[in-house]
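What follows is a single structure, written as structure tokens, with notes after it.
Start at 1 and go down the list; that is how both ligands and their atoms are numbered.
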Amino acid sequence: MRKIIIDCDPGQDDAIALLLAFGAADRLDILGITTVAGNVPLALTEKNARKLRELAGREDVPVMAGCERPFLRKLVTAEYIHGETGLDGADLPEPRLPLDPRHGVDFIIETLLGEEPGTVTLCPTGPLTNIAMAFVRAPQIMPRVKEIVLMGGGWAEGNVTPVAEFNIYVDPHAAAVVFGSGIPITMLGLDVTHKALVGEAHLRQWRALGTPVGDAAAGLLDFYSRYDRERYGVPGAPLHDPCVIAYLLAPELFSGRMCNVTIETASELTMGQTVIDWWRVTDRPANAHVITDIDADGFFALLLSALKTL
Ligand code: RIB
Ligand code: CA
């Protein structure tokens with residue numbers, strides 16, 4: 001069993017990442033879900049996380065709200081992709097259970113102080129505000145983190161600006177704290193997530209499960225896919241965040257390289273760019289395992305098998 005904390009901003013792709021993690025209950029010990037402002041404001045991301053917890057029948061997992069805005073910059077959200085609720089495409093009931101009263105940042109700190117050093121993996125799938133805030137508030141937790149496996153960044157392209165990916169762009173200063181932490185990082189950026197495109201065939205498979213989870217997952221991604229289909233003319237939408245959980249469960253599906261990743265926080269033109277020294281042309285230390293390739297068929301098979309258990 002691998003102990004993890006998922007820090008997320010649901011968002012349809014975060015939702016599928018959560019369902020994948022919930023469906024791997026025999027292998028992932030989800031200590032808690034912390035939520036952050038990102039795709040939609042915090043009041044919605046925390047409620048959405050609670051809705052998804054109940055959809056999967058995992059009321060055992062505490063959900064906390066974290067930071068409602070980035071360190072320095074004004075919050076940028078993505079309703080144009082995720083809809084006004086952040087989970088458009090599935091009509092999920094209002095959550096029955098309340099939010100855990102602890103702040104998400106406090107939960108991350110308390111959990112890392114309470115668990116054996118080197119046993120907890122942090123899995124951020126949204127802006128890195130909560131993670132960075134925890135490190136600033138309690139630096140003594142940093143050497144206790146086993147690994148950070150995050151969705152963010154990219155080498156060849158951005159999706160918010162020509163060079164910046166959303167999670168990093170929203171809070172580049174938090175990203176700079178995380179990538180400068182010295183903690184082992186695996187980065188699943190757009191280079192790999194754009195190879196995990198969900199298509200109509202996958203949605204049909206999920207609907208054929210005949211379960212509330214299968215129907216909700218298909219409805220969420222049907223809505224979510226329309227933006228990428230129209231914007232990029234691709235057959236499906238990239239399943240960004242589920243790549244984080246899939247990497248934990250089946251790292252053999254992925255490949256990449258240890259590189260230096262440095263975050264642009266000065267220039268407005270390239271703000272939030274993950275500057276990846278893929279060819280080692282600088283002497284900057286390799287601080288991240290940058291993933292660029294995926295066995296997409298294996299990924300979707302893993303996802304289907306997890307959805308079947310819920
Ligand atoms: O750029 C994609 C990332 O930004 C995903 O995590 C998506 O959910 C949004 O948070
Ligand atoms: Ca996300």
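Judged by a 6.0 Å distance limit and a 45° cone about the ring axis, Arg226 is positioned over the six-membered ring of Phe223. The cationic atom of Arg73 (NZ for Lys, CZ for Arg) lies less than 6.0 Å from the six-membered ring centre of Tyr169 and within 45° of the ring axis.
On a distance-only criterion, His82 and ligand 1 share no N/O pair closer than 3.5 Å. Checking only distances, His240 never comes within under 3.5 Å of ligand 1, N or O to N or O.
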Requested in this report: Kindly determine whether Arg2 and Thr121 satisfy side chain to side chain donor-acceptor pair (under 3.5 Å), including the steps that lead there.
Outcome: CA-CA 8 Å; Arg2 186 163 184 172; Thr121 299; 3.0 Å; yes
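Considering Thr186, Val178, Leu128 in turn, Val178 is the only one that fulfils the side-chain contact (heavy atoms from CB on, under 4.5 Å) rule with Ile148.
The atoms of ligand 1 that sit less than 4.0 Å from any heavy atom of Met151 are 2 (C), 3 (C), 5 (C), 6 (O). Ligand 1 places these atoms under 4.0 Å from at least one heavy atom of Asp13: 5 (C), 6 (O), 7 (C), 8 (O). Atoms of ligand 1 lying under 4.0 Å from any heavy atom of Thr125, numbered from 1 in the order shown and given with element: 6 (O), 10 (O).
For Glu54 (side chain) and Leu97 (main-chain N/O), a donor-acceptor pair under 3.5 Å exists by modelled atom type.
The side chain of Asp14, and not its backbone, has at least one atom closer than 4.0 Å to an atom of ligand 1 (non-hydrogen atoms only; side chain from C-beta on). Neither the backbone nor the side chain of Val160 comes within contact range of ligand 1; no heavy atom lies under 4.0 Å.
Within a 6.0 Å sphere centred on CD of Gln140, heavy atoms belonging to other residues, nucleotides or ligands number more than 12. Taking a 6.0 Å sphere around CD of Glu68, one finds it holds 12 or fewer heavy atoms contributed by other residues, nucleotides or ligands. Around CG of Asp26, the count of heavy atoms belonging to other residues, nucleotides or ligands within 6.0 Å exceeds 12.
Of the angles at the Ca ion (ligand 2), the one spanning OD2 of Asp241 and OD1 of Asp9 is 140° when given to 10°.
When all heavy atoms of Leu220 and Ala15 are compared, the closest pair comes out as CD1-CB, 4.0 Å.
Ranking protein heavy atoms by distance to atom 10 (O) of ligand 1, first place goes to Asn167 OD1, 2.8 Å. Protein heavy atom closest to atom 9 (C) of ligand 1, with residue, atom name and distance, is Asn39 OD1, 3.1 Å. Looking at atom 6 (O) of ligand 1, its nearest protein heavy atom turns out to be Asp241 OD1, 2.6 Å. Here the protein heavy atom with the shortest distance to atom 2 (C) of ligand 1 is Glu165 OE2, 3.3 Å.
At a cut-off of 3.0 Å, Thr125 coordinates the Ca ion (ligand 2) through an N, O or S atom.
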